[in-house]
Amino acid sequence: QVQLVESGGGLVQAGGSLRLSCAASGRTFSRYTGAWFRQAPGKEREFVAAITLDGAGTYYTDSVKGRFTISKDNAKNTLYLRMNSLKPEDTAVYYCAANAAGFYGGRPTNFKAWGQGTQVTVSS
């Protein structure tokens, strides 16, 4: 089973940028579909973005399209989420997730491995 550790969260003003990282250990990330989810206080965990095993396919929820970019570096065993033009409504705990299969949609139950989360706060 792969172990995931996120980093890169923090406090940023609206319009700013952050890059989240998710380091994998135990198994190489090239064998996994990687994804980012987020959960705001009082809300359910929601899908943000995913990238396929080979990195050729990327998927985004509508609210982040054009602002966020998911990528992975298999040599470094790391998944990234570049977030630009951040908005206060992007404030949440962001979680990295992985699944040893293809991408079958953004339901949290489709992903078996999870990181501990990193807080992103966007001030207005």
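Every heavy atom of this structure was used, including side-chain atoms; hydrogens, water molecules and symmetry mates were not.
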Spacing of OH belonging to Y32 relative to CG belonging to N77, to within rounding of 0.5 Å | 10.0 Å
Heavy-atom closest pair, residues A98 and V2 | CB-CG1, 4.2 Å
Determine the minimum heavy-atom distance between A101 and L53, stating which atoms define it.
-> O-CD1, 3.0 Å
Connected-component partners of F47 among ILVMFWY, side-chain separation under 4.5 Å = F37, Y59, V93, Y95, F103, F111, W114
Please report the closest heavy-atom contact between M83 and L86, naming both atoms and the distance.
-> CB-CD2, 3.8 Å
Measuring from E46:CD to R38:CZ, what's the distance to the nearest 0.5 Å?
-> 4.5 Å
Determine the minimum heavy-atom distance between V48 and V64, stating which atoms define it.
-> O-CG2, 3.7 Å
Do the side chain of R67 and the main chain of S85 share a donor and acceptor less than 3.5 angstrom apart?
-> yes
Heavy-atom closest contact (A24 atom, L4 atom, distance) = CB-CD2, 3.9 Å
With sequence neighbours excluded, tell me which residues meet side chain to side chain donor-acceptor pair (under 3.5 Å) with Q3.
-> none
Atom pair CG (L79) and OG (S71), whose distance is rounded to the nearest 0.5 Å | 7.0 Å
CZ of R82 to CG of L20, rounded to nearest 0.5 Å, is 10.0 Å
OG1 of T33 to NZ of K72, rounded to nearest 0.5 Å, is 6.5 Å
Carefully, step by step, assess C96 and W36 under the rule side chain to side chain contact (heavy atoms under 4.5 Å, CB included).
-> CA-CA 5 Å; C96 172; W36 290 95; 3.9 Å; yes
Within 6.0 Å of CD in Q116, more than 12 heavy atoms from elsewhere = yes
Tell me, do F68 and D90 make a side-chain contact under 4.5 Å, heavy atoms counted?
-> yes
Ionic contact status for D62 with K65, cut-off 4.0 Å | yes
Find the distance between OG1 (T91) and CD (Q119) and round it off to the nearest 0.5 Å.
-> 7.5 Å
Side-chain heavy-atom pair Y94, E6 within 4.5 angstrom cut-off = no
For A14 and S124 the tightest heavy-atom approach is CB-CA, 4.4 Å
Can you name the residues that form a side chain to side chain donor-acceptor pair (under 3.5 Å) with E89, not counting sequence neighbours?
-> none
